[in-house]
Structures are given as C-alpha cells and as structure tokens.
Amino acid sequence: MADMVVTRFAPSPTGYLHLGHAFAALTAFEAAKASAKSCDGRFVLRIEDIDRSRCRYEYEAAILDDLAWIGLSWEWPCLRQSERFEAYRAALASLNAQGLLYPCFCTRKDIAEEIARAVEAPHGPEGPHYPGTCRALSQEERARNIASGIPYAMRLDVTSAAARAGDLTFEEGGAGPNAERGTIKVEPNLFGDIVLARKDAPAAYHLAVVVDDAFQGVTLVTRGNDLFAATHVQRLLQALLGLPEPAYAHHRLILDEQGKKFSKRDSSVTLRALRERGATPEQTRKLIDF
Ligand code: GLU
C-alpha cells in the first residue's frame with residue numbers, strides 16, 4: 001500500500017468563502033479522496049485565526065456550514081490556530097535557541113521611513129524587505145526596550161537561518177505560477193527577515209503553518225499559486241525545526257471577469273450569496289469545473 005496522503009484546507013475566518021476558496025477546498029478534498037483508492041487518504045481542516053482583530057466567530061461558523069453545503073466532510077475536531085499558541089511558543093524557543101531570531105520594535109511607519117531613506121531596498125513578492133534596523137541592536141538595547149514595555153515582534157535572521165539550513169529543495173507536483181514543477185531549489189531570502197511572532201501573538205502566518213502542517217500530519221499541501229513563494233520560506237522553517245517535508249501542489253487561481261483574484265470584499269461570489277440566489281451545490285461546483 002502506498003503512503004497515506006493527508007491534505008488540508010486552511011481558511012482564515014475574516015470573511016465568507018468565495019468561489020476561489022471553494023476551488024482550493026475541493027482541490028484538497030479531491031486529492032485526498034483520489035488517493036484513498038490506492039492508499040489511505042485523509043482531508044483535514046484548519047481555521048487560521050491568529051489575527052484576532054480580523055477574525056470573527058460568525059465567519060468561522062459560516063465557513064464550516066458552506067463547506068458542508070458544497071459537499072465536503074473533514075475530520076473532527078478541526079484545528080484552530082488560536083488554540084495552538086503553546087506549540088508556536090515551543091517552535092519559537094527552538095529557533096531562538098539556535099540564535100536565529102531577534103526582537104523588532106519598529107512600527108510600520110519606522111519601516112516605511114527607513115526604506116525611503118535607503119539607497120537600495122531589496123524587494124520581494126510582498127514588497128520591500130524589512131530593512132534590518134533592529135537586527136543591528138545590541139543585547140543591552142534590546143533588553144532596555146523590552147524592559148520599558150515597547151511592543152515587539154520576533155523576526156527571523158534569514159541570512160543566518162539560510163546558512164544554518166544549507167541548500168534545500170521542495171517537491172512541486174502542481175505547477176507554480178511560472179509553470180515550475182518537480183524539484184524546486186529553495187530561495188530562502190525571498191521575503192527577507194520575516195516576522196515569525198506578531199506583536200500581539202506568539203506566532204505569525206509562516207510559523208503557524210509549518211508547525212500545524214506537521215502536527216496535522218499533512219503530506220501534500222495543495223493551495224493557490226499566490227502562495228507558491230511562501231513555500232520557499234516555509235521549507236526553510238521546516239528544516240530549521242526538524243519537521244517533516246510535505247509535497248506541494250499549487251493550483252491555478254479562480255479569477256473574476258476582469259482577470260483579478262476574488263477578494264473577500266466581492267460579496268456577489270461568496271458561497272452564501274450563491275446559496276441565497278438559489279444555486280445548488282452541483283451548479284456551484286460546475287462554475288469552478290468540479
Ligand atoms: N490561511 C491562508 C489563506 O486563507 C492559507 C494558508 C495556506 O494554505 O498555507 O490564504
């Protein structure tokens with residue numbers, strides 16, 4: 001029997017699910033189901049609700065309801081990231097013990113001003129990299145800032161992290177945005193010194209994802225092409241934390257009539273709105289070729 005395939009869908013409850021989410025969820029679900037024929041496929045759900053200021057319980061309940069409506073079932077209970085802070089703290093402690101983290105006291109304004117001043121500001125898929133201001137602080141300055149109660153995030157010193165991890169690759173079985181496929185060489189520095197713990201929580205997106213993919217036993221990460229770049233840094237974190245390496249299959253994005261990605265503000269294509277207009281699950285699946 002082939003190895004068990006475990007896929008996942010990991011929405012953030014910051015709005016109602018739209019057709020793009022439905023496509024992502026169905027892709028993960030069908031991948032697990034297809035493999036269940038030859039081995040034991042499992043599909044798990046994860047609610048990515050670290051950002052408490054944007055997440056709402058009402059959206060979480062609607063997500064579960066809409067996913068069931070469109071025909072998905074998943075293992076219970078589903079994982080909520082807001083209940084996983086101890087696991088994220090442990091991962092941060094491990095990276096800290098490796099000397100790869102530093103506290104960052106900058107505000108958004110500080111960062112923007114520093115970037116504007118810089119002669120050369122490296123850019124990544126999400127804009128300019130963090131200019132590294134707080135990486136240069138002495139231990140005394142850090143201790144003084146912390147003691148005086150200045151809020152801080154924790155950032156990864158990506159240059160040291162990449163040196164420690166050495167050369168890495170990941171396996172792409174879908175097709176990345178530029179039709180990348182097969183064994184992909186990791187570019188650890190795509191995003192610069194990323195935040196791994198927010199000022200208001202002991203985690204941030206990339207850290208929580210790798211810790212939870214491992215915890216949930218995910219072996220195949222299916223998700224939209226918009227997260228292809230994120231895989232580079234997530235693979236780096238897996239290596240540093242000694243976590244197992246899932247395979248990846250990024251998929252196309254469902255675009256609106258103007259060729260743009262749906263956003264949570266496009267209320268007309270939410271599953272809620274389609275249901276209210278009388279669409280059946282079958283008709284809805286057809287809209288996205290499922
Ligand atoms: N929570 C992320 C989102 O809603 C997805 C994370 C992932 O698939 O890795 O876009």
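Order of appearance sets the numbers: ligands from 1, and atoms from 1 within every ligand.
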* To do: Enumerate the protein residues lying less than 4.0 Å from ligand 1, judged by heavy-atom distances, in chain and residue-number order.
  => Arg8, Ala10, Ser12, Glu48, Tyr205, Arg223, Leu227
* Asked: Taking side chain as C-beta onward, heavy atoms only, is Tyr205 less than 4.5 Å from Ile50?
  -> no
* Asked: In the hydrophobic clustering that connects Ile, Leu, Val, Met, Phe, Trp and Tyr at side-chain heavy-atom distances below 4.5 Å, which members other than Ile115 occupy its cluster, ordered by chain and number?
  -> Tyr102, Ile111, Tyr130
* How would you list, by chain and number, every residue that makes a side chain to side chain donor-acceptor pair (under 3.5 Å) with Thr169, sequence neighbours excluded? -> none
* Do any N or O atoms from the side chain of Asp256 and from the backbone of Gly259 form a donor-acceptor pair under 3.5 angstrom? -> yes
* **Pairing residues for Thr183 by the side chain to side chain donor-acceptor pair (under 3.5 Å) criterion, not counting sequence neighbours** => Glu171
* Asked: Arg42 pairs by side chain to side chain contact (heavy atoms under 4.5 Å, CB included) with which of Glu75, Gln216, Lys33?
  -> Glu75
